[in-house]
Amino acid sequence: MTMDIKKMVLQALEQTLKDHWTDTEFTVEKPKNPDFGDYAIPCFHWAKSFKRSPQDIAQQLTPAIHHPLFSKVTAVGPYINVFLDKTYVSKEIIHQIITLKEAFGSNSDGQGSNVTIDLSAPNIAKPFSMGHLRSTVIGNAIANLAEKNGYTPIRINHLGDWGTQFGKLIVAYLKWGSEERVKEQPISELLSLYIKFHDEAEKHPELVDEGRRYFKMLEDGDPQTRYLWNWFREESLQEFFRIYDLLGVSFDHIQGEAFYNDKMDEVVEILNRKGLLELSEGALVVKLDEYDFPPCLIQKSDGATIYATRDLATALFRKRNFDFARSLYVVGSEQSLHFKQVKLALRKADFKWEHEMVHIPFGMMLQDGKKMSTRKGRIVLLEEVLNEAIDLAHQIISEKNPTLENKDEVAKQIGIGAVIFQDLKNFRTNDVDFSFEQMLNFDGETGPYLQYTHARCHSLLRKAGSFIPETSYPITEQEAWIIISHLTRFDEVVKQAWEDYDPSKIARYALDLARHFNSYYAKVRILDSEDRDARLSLVYAVATVIEECLRVLGIKSPPSM
RNA sequence: GCGCCUAUAGCUCAGGGGAUAGAGCGUUGGUCUCCGGAACCAAGCGCCCAGGUUCGAAUCCUGGUAGGCGCGCCA
């Protein structure tokens, strides 16, 4: 387990205050200006109760604060500024990183309990678009965060393989499709059938009813529709797994909506037994009037189920089978009403674990400021983008490092890394307007920048050959201390990122670390320095932490590129 | 109409009560006797509006304005 420096600082301060002060409430913050120390305590709030100026209070308290961690404590105006002992702290933190390696920053808060994570969930028979990238990479990073915080993540790909859309698709295939064409180009052919259906349905609305009827047949087990559905599903899965393989994402369970087909009667039965079902406009619903929410639809007027029913069945199944401590759903923000309704229906049915379910929303992937639409053919294919990024990485490698050995593999890692990082570096609920220009930018706040910094570290370590891990790093430069001080905050960031389900916190942390390191690198000689081993130890520490951040984000760190 | 989300630099975004509001892209200028220039340094540009809470508000509350999303048989 890692030493939590902030915790130690807090404890030291608390102890001092207990001896000198009746009011032990205080806050600690990080001064923006490093000249003001590593931690600061504002004294304003004591001013009122003690009827003294905050400046006075700071002056009086300062001499009382002692701890081996602190090299200096000063009163500056209304603040008490605390300076950490640089030698002590850097020795400690570098020692930790060298011994713990990739486990640095991990904690055991979750005590191994299960967290199910519903991620990716593409729709069968539709192409894997840029839009699906978000759920996949955000969900994957959150699963990694769960693990780093001591939970056991269970990645579930809840495929969109059920629902009225398949009725529609089957109708379209029977009317206009051909077996040869689907076999040749499965996804694009199925997509154009789907688009054609919606075009035709504008002129002939009765088609929609026919689609619903075919879905009902599918649900009832009609062999022909069942056969077609299964065929479409297999073709799609093959295509999806080619992409998951590129992205480096894998799943513990692939249980699409169809998996719950035989588990939905139970849901209806439970709700019925508890007297929650009401007939409304021909459909069965759970009313949520007391929460000021629209009703949750359980069964359509034709007797077929609907997505809320499937999500209820899914929730029950996951609770039984995985006994989750939390159940996360990484699904677009436009579905937040739906998840609230499902949870309220569970609450009314007295399933007390309902509060363990968390919807983790994210913003939309837009194109030219507008929503992408499969039906209107306005989509960007993920695979296309990935391939383009890989090509560009290839090109740059042949310019900058033509003798690199495993070019193909590295180009793949960089290209994919660029795309994943672009998606994860900002807070998830922001909408993102897709642009090739941004995706293919490898400068500045990007995945390749982090990978480059990491590779640079490894280049130094390679050139150095062997070195003695020097754990008492002599801090002579401000640049080195900024790195060390940043490293002490990693534990905190890992916890915060998990609590907020926010991978961008890790991404930002890594960017700051890389930037601090690159400044240091530009200013300080390493291999031909008297402090060579000590500096190499710091280089090793930086490389290790950047690599770990990237791993959590689902990005590879090639040692050279 | 109702509900949810968002508004910070030319652009994309961090910061979510505290000391001078930070990055990247783009622009301009610089660093090459260079351990990897996918880098570093510097210049420049500023919290949507109005009230309120507070010793202190970009940050919390209320009300506007603008945009996005959602609101029963799609998922």
Side-chain angles (χ1 to χ4, degrees), chain A residues 27 29 31-33 36 40 42-45 47-48 53-54 76-79 81 121 123 160 162-165 168 208 211-212 215 257 280-285 292-302 304-308 310-311 331-338 340-341 361 363-364 366 369 371 393 396-397 399-401 414 418 422 425-427 429-433 435 437-438 441-453 455-460 462-464 504-505 507-508 511-512 514-515 518-529 532 535 539 560-561:
Chain A
T27 52
E29 60 198 42
K32 282 170 201 147
N33 186 339
F36 290 146
C43 299
F44 302 97
H45 74 283
K48 214 187 235 171
S53 76
V76 179
Y79 292 89
N81 291 335
N123 288 323
W162 208 239
T164 309
Q165 50 175 330
K168 293 176 182 173
V208 176
R212 290 204 189 101
F215 174 56
E257 294 179 271
S280 164
E281 298 168 34
L284 286 175
V285 306
D292 270 327
F293 275 91
C296 182
L297 232 74
I298 301 298
Q299 201 175 71
K300 298 195 282 186
S301 35
D302 65 0
T305 61
I306 193 162
Y307 63 120
R310 290 192 281 275
D311 275 356
V331 180
S333 55
E334 67 272 19
Q335 290 197 44
S336 52
L337 175 61
H338 162 70
K340 281 179 194 153
Q341 289 175 309
M364 286 188 300
L366 307 172
K371 195 172 174 174
I396 295 177
I397 288 171
E399 277 167 30
K400 304 199 180 206
N401 195 358
I414 294 170
Q422 208 51 247
K425 78 171 177 185
N426 293 328
F427 189 62
T429 57
N430 297 350
D431 287 346
V432 295
D433 203 343
S435 93
E437 201 186 318
Q438 251 192 20
N441 178 20
F442 291 1
D443 298 330
E445 294 178 331
T446 65
Y449 171 74
L450 293 176
Q451 290 169 319
Y452 172 76
T453 307
R456 209 181 208 189
C457 290
H458 273 270
S459 171
L460 285 167
R462 266 195 310 276
K463 288 208 164 72
S504 78
K505 291 234 160 43
R508 295 278 158 192
L511 285 172
D512 287 339
R515 199 151 31 78
N518 282 321
S519 295
Y520 175 75
Y521 178 89
K523 194 168 173 183
V524 171
R525 303 286 306 172
I526 292 162
L527 291 177
D528 47 13
S529 145
R532 173 180 175 277
R535 289 182 177 175
V539 170
S560 54
M561 58 191 266

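Just so it is clear: chains get the letters A, B, ... in the order the sequence lines come, proteins before strands, and each one is counted from 1.
- Ranking rG37(B), rA75(B), rA19(B) by closeness to the R310(A) side chain, first place goes to rA75(B).
- Rounded to a whole angstrom, the distance from the C1' atom of rG44(B) to that of rG29(B) is 11 Å.
- Comparing rA75(B), rA19(B), rG36(B) against the side chain of K32(A) picks out rA19(B) as the nearest.
- If you take CD of E399(A) and P of rG37(B), they are 16 Å apart, rounded to a whole angstrom.
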Under 3.5 Å, which N/O atoms of the protein pair with N/O atoms of nucleotides 53-55 of chain B?
{"unit_1": "rC55(B)", "atom_1": "OP1", "unit_2": "K48(A)", "atom_2": "NZ", "d": "2.4"}

Protein-nucleotides 26-35 of chain B N/O pairs closer than 3.5 Å?
{"unit_1": "rC35(B)", "atom_1": "O3'", "unit_2": "K463(A)", "atom_2": "NZ", "d": "3.4"}
{"unit_1": "rC35(B)", "atom_1": "O2", "unit_2": "I526(A)", "atom_2": "N", "d": "3.4"}
{"unit_1": "rC35(B)", "atom_1": "O2", "unit_2": "L527(A)", "atom_2": "N", "d": "2.9"}
{"unit_1": "rC35(B)", "atom_1": "N3", "unit_2": "I526(A)", "atom_2": "N", "d": "3.1"}
{"unit_1": "rC35(B)", "atom_1": "N4", "unit_2": "Y521(A)", "atom_2": "O", "d": "2.9"}
{"unit_1": "rC35(B)", "atom_1": "N4", "unit_2": "V524(A)", "atom_2": "O", "d": "2.4"}

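- Comparing the C1' positions of rU65(B) and rC48(B) gives a spacing of 8 Å, expressed to the nearest Å.
- Picking from rG72(B), rG36(B), rC4(B) the nucleotide with the shortest atom distance to the side chain of K340(A) gives rC4(B).
- Of the candidates rA23(B), rG72(B), rA14(B), the closest approach to any side-chain atom of F427(A) belongs to rA14(B).
- With hydrogens and angles ignored, no donor-acceptor pair closer than 3.5 Å exists between the side chain of N430(A) and the base of rA7(B).
- Taking atom CD1 on I397(A) and atom P on rG36(B), their separation rounds to 17 Å, with Å as the unit.
- With rC71(B), rC4(B), rA75(B) as the candidates, the nucleotide lying closest to the side chain of T164(A) is rA75(B).
- Taking atom P on both rA42(B) and rG24(B), the two are 10 Å apart, rounded to the nearest angstrom.
- Using a 4.0 Å heavy-atom criterion, one finds that M364(A) contacts the sugar-phosphate atoms exclusively.
- The C1' atoms of rC61(B) and rG16(B) are separated by 14 Å, rounded to the nearest whole Å.
- At a threshold of 4.0 angstrom between heavy atoms, the contacts of E29(A) include nucleobase atoms, whether or not backbone atoms are also involved.
- Among the heavy atoms of the strands, none lies under 4.0 Å from D311(A).
- Across all strands, L366(A) comes closer than 4.0 Å to no nucleic acid atom at all (heavy-atom distances).
- At the heavy-atom level, P31(A) lies under 4.0 Å from base atoms of the strands shown.
- At a cut-off of 3.5 angstrom, the base of rG24(B) holds no donor-acceptor pair with the side chain of T446(A).
- In this structure, the nucleotide among rA14(B), rC41(B), rA39(B) sitting nearest to the side chain of S519(A) is rC41(B).
- As judged by a 4.0 angstrom heavy-atom cut-off over every strand, Q299(A) is placed among residues making no nucleic acid contact.
- Nucleotides rG68(B) and rU12(B), compared at atom P, are 15 Å apart to the nearest Å.
- In this structure, P42(A) and T27(A) have side chains that are in contact, with non-hydrogen atoms separated by less than 4.5 Å.
- Across rC41(B) and rG22(B), the matching P atoms stand 16 Å from one another, rounded to whole Å.
- Contacts of A121(A) with the nucleic acid, taken as non-hydrogen atoms under 4.0 Å apart, are absent.
- The distance from atom CG of L511(A) to atom C1' of rC25(B) is 13 Å, rounded to the nearest whole Å.
- Using a cutoff of 4.0 Å between basic side-chain nitrogens and carboxylate oxygens, R515(A) and E445(A) are not scored as salt-bridged.
- Stem analysis of RNA chain B (Watson-Crick or G-U pairs, both distances under 3.5 Å, runs of at least three) returns B:1-7 with B:65-71, B:10-13 with B:22-25, B:27-31 with B:39-43, B:48-52 with B:60-64.
- Side-chain proximity of Y449(A) to rA75(B), rG36(B), rC40(B): nearest is rC40(B).
- K371(A) comes within 4.0 angstrom of sugar-phosphate atoms only, judged by non-hydrogen atoms across all strands, and of no base.
- Considering only the side chain of K505(A), rG15(B) comes nearest among rU12(B), rG15(B), rA19(B).
- Taking the C1' atom of each, rG46(B) and rU59(B) are spaced 16 Å apart, rounded to whole Å.
- Checking rC69(B), rG70(B), rG37(B) against every side-chain atom of Y452(A), the shortest atom distance belongs to rG37(B).
- The distance from atom CD of Q341(A) to atom P of rC71(B) is 9 Å, rounded to the nearest whole Å.
- N518(A) and T453(A) share a donor-acceptor pair across their side chains, judged by distance under 3.5 Å alone.
- Within 4.0 Å of A47(A), counting heavy atoms only, lies no atom of the nucleic acid at all.
- Nucleotides rA9(B) and rC69(B) are separated by 22 Å at their P atoms, to the nearest Å.
- Residue-level contact check: S560(A) touches the bases, meaning some heavy atom is under 4.0 Å from a base atom.
- Which of rG68(B), rG70(B), rA75(B) sits closest to the side chain of E334(A) comes down to rG70(B).
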